[in-house]
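Chain identifiers are assigned alphabetically (A, B, ...) following the order of the sequence lines, protein sequences preceding nucleic acid strands; residue numbering begins at 1 within each chain.
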There are 2 protein chains.
Amino acid sequence: MANYPHINRILVALDCIVFGFDGEDIKLLLIKRNFDPEKGKWSLMGGFLESDEDLEDATNRILYDLTGLKGIYFEEIQTFGKVNRDPVERTLSVCFFALINIHAHDQDSAKAQNAFWINLKNRPELIFDHNEMVDIALERLRYKAALHPIGFELLPEKFTIPQLQKLYEAIYDSLLDRRNFSRKILSTKLLLDTGEKNENSTTKKAILYKLDKDKYQKQFNAFHYFISDSVR
Amino acid sequence: MANYPHINRILVALDCIVFGFDGEDIKLLLIKRNFDPEKGKWSLMGGFLESDEDLEDATNRILYDLTGLKGIYFEEIQTFGKVNRDPVERTLSVCFFALINIHAHDQDSAKAQNAFWINLKNRPELIFDHNEMVDIALERLRYKAALHPIGFELLPEKFTIPQLQKLYEAIYDSLLDRRNFSRKILSTKLLLDTGEKNENSTTKKAILYKLDKDKYQKQFNAFHYFISDSVR
DNA sequence: TCAAAAGTGTTGACGGTACACCCATGT
DNA sequence: ACATGGGTGTACCGTCAACACTTTTGA
């Protein structure tokens, strides 16, 4: 079999922005590096693409190693390819973001990677071009979540509308009208009343909903206006 | 300087979907391959990433070689990384789409690459995963053009509203109401009346507009609803 | 019984859609 | 004058934002 001669092969990495939500704030799962290069500094979770591995499989592998979860929602953002972005050796980075339920992931997996949940607002300086990656990822999350029902990926299976609102308020760092938000969300018909209520509340217990998975699949690419123009 | 050992370097290519508009239909600039592999078949324009070249520079180089144009509008779509997507040797492909004014490009450059404008509706089978790339590119174009003012990139500097409408109708393969379209476009305040008219018309001569570049830059990331919900 | 949070209602403004009508141009 | 295409107007309807009121709960 013929080869492509005279072309340099390049190292290919993947880097992942993992978003979580603790009920109040958006968080990032970041690595305190106990390995070189840039040992001791903060970075995104990443890894190299193996020679016998599809790009998508590599993404799933990296996310599994970090969280112990399979079937995580993720989206490719962009491939970063400046010649000098990694000082050790030229490395292309295929960058993506993932959304997980912060309470569902495996703590031991995270510990093994030396990963910590950091409030997005207090994020430390990251190595290489990882700061830019986070900026772009957040932009993408905001863009996508305004139009498509991806917010649910950050919540537990059963959740209340006020919790969902808190999530959107955290994503867009702004306040939303309770009554309009509720109506807007319910009008999508994506939520099913579980019949249960949030027993943790000390005041009126909110209704617990879950996603209508069928409708979610079918309507995913339809536009919903989850966020008002003024916020967008 | 230390290296990352034991990791395979991979060939990295770029592939580009070039969209054009001839006044009636959306067209693709495709390559009739006179080189191996898959000589004689149709493919996207592409090239390899050089070892001393930023990813973005490579994109511009490839577009320049094909069209003789600089500063073309392009957007990264996705990086394709199935192990066997290129039968010759494993090759990652960073895929992007570009929008050009079909009349502005350099014919000799295209000829040198053996490139031809093909009506999107009559597109031939392409090699490798290039068919999928075109599908995704079209989806992205439709998505983006519904919300952001990128359609103008496909038109000459001066254009009429009916021309713009024809363009949107071609992108979405559907008919739009003339009167509502005009009002919607003008309400964005992105168009400047040049004072000139389209002298080619045999009936009433339409007003030639040009983009208000300042507003275009500032409002680019604001959402405009260029296309009605029913079409989206 | 009071405070805090959740659920439901109402209204006015705005934007979109579906229409009709008039104007300019060349044959 | 007439056919063709371009420009402007209007009326209805639905959606969204802004607002008030009621209900539930635990202290």
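- You won't find any donor-acceptor pair under 3.5 Å spanning the side chain of B:R179 and the base of C:dA18, going by distance alone.
- Just one of B:F220, B:Y209, B:F159 meets the ring pair (Phe, Tyr, Trp, His ring centres under 6.0 Å) condition when paired with B:F152; it is B:F159.
- What separates CG of A:L208 from P of D:dT24 is a distance of 17 Å, to the nearest Å.
- Nearest-nucleotide positions on DNA chain D for A:S201 and B:Y209 put B:Y209 closer to the 5' end.
- Rounded to whole Å, atom C1' of C:dA5 lies 14 Å from atom CD1 of A:I161.
- Dashed line: the shortest gap from a side-chain N or O of A:K197 to OP1 or OP2 of C:dA6 is not under 4.0 Å.
- Geometrically, A:K70 engages A:Y64 in a cation-pi contact defined by less than 6.0 Å to the ring centre and at most 45° from the axis.
- Atoms CZ (A:F226) and C1' (D:dT15) sit 16 Å apart, rounded to a whole Å.
- Residue B:I207 is classed as a sugar-phosphate contact, given heavy-atom separations below 4.0 Å to backbone atoms only.
- Residue B:R183 places its side chain closer to C:dT17 than to any other of C:dT17, C:dG9, D:dG5.
- As a whole-Å value, the separation of B:Q163 CD from D:dG5 P is 14 Å.
- Ranked by how close their nearest DNA chain C nucleotide is to the 5' end, A:K205 and A:N180 are led by A:K205.
- Spacing between atom CG of B:L176 and atom P of C:dA18 amounts to 11 Å, rounded to whole angstrom units.
- For B:R178 against D:dG7, a side-chain-to-base donor-acceptor contact under 3.5 Å is present.
- The phosphate of D:dG26 (OP1 or OP2) has no side-chain N or O of A:K204 nearer than 4.0 angstrom.
- In A:E196, the CD atom is crowded: over 12 heavy atoms of neighbouring residues, nucleotides or ligands sit closer than 6.0 Å.
- The CD-P distance, from B:E199 to D:dG6, rounds to 14 Å in whole Å.
- Between A:D173 and A:R142, the closest heavy-atom pair is CB-NH2, 4.2 Å.
- Remark: C1' of D:dA17 and CD1 of A:I185 are 16 Å apart, rounded to the nearest angstrom.
- If you measure from atom CG of B:L186 to atom C1' of C:dG15, you get 15 Å, rounded to the nearest angstrom.
- Crowding of A:K205 atom NZ: a count of heavy atoms from other residues, nucleotides or ligands under 6.0 Å exceeding 12.
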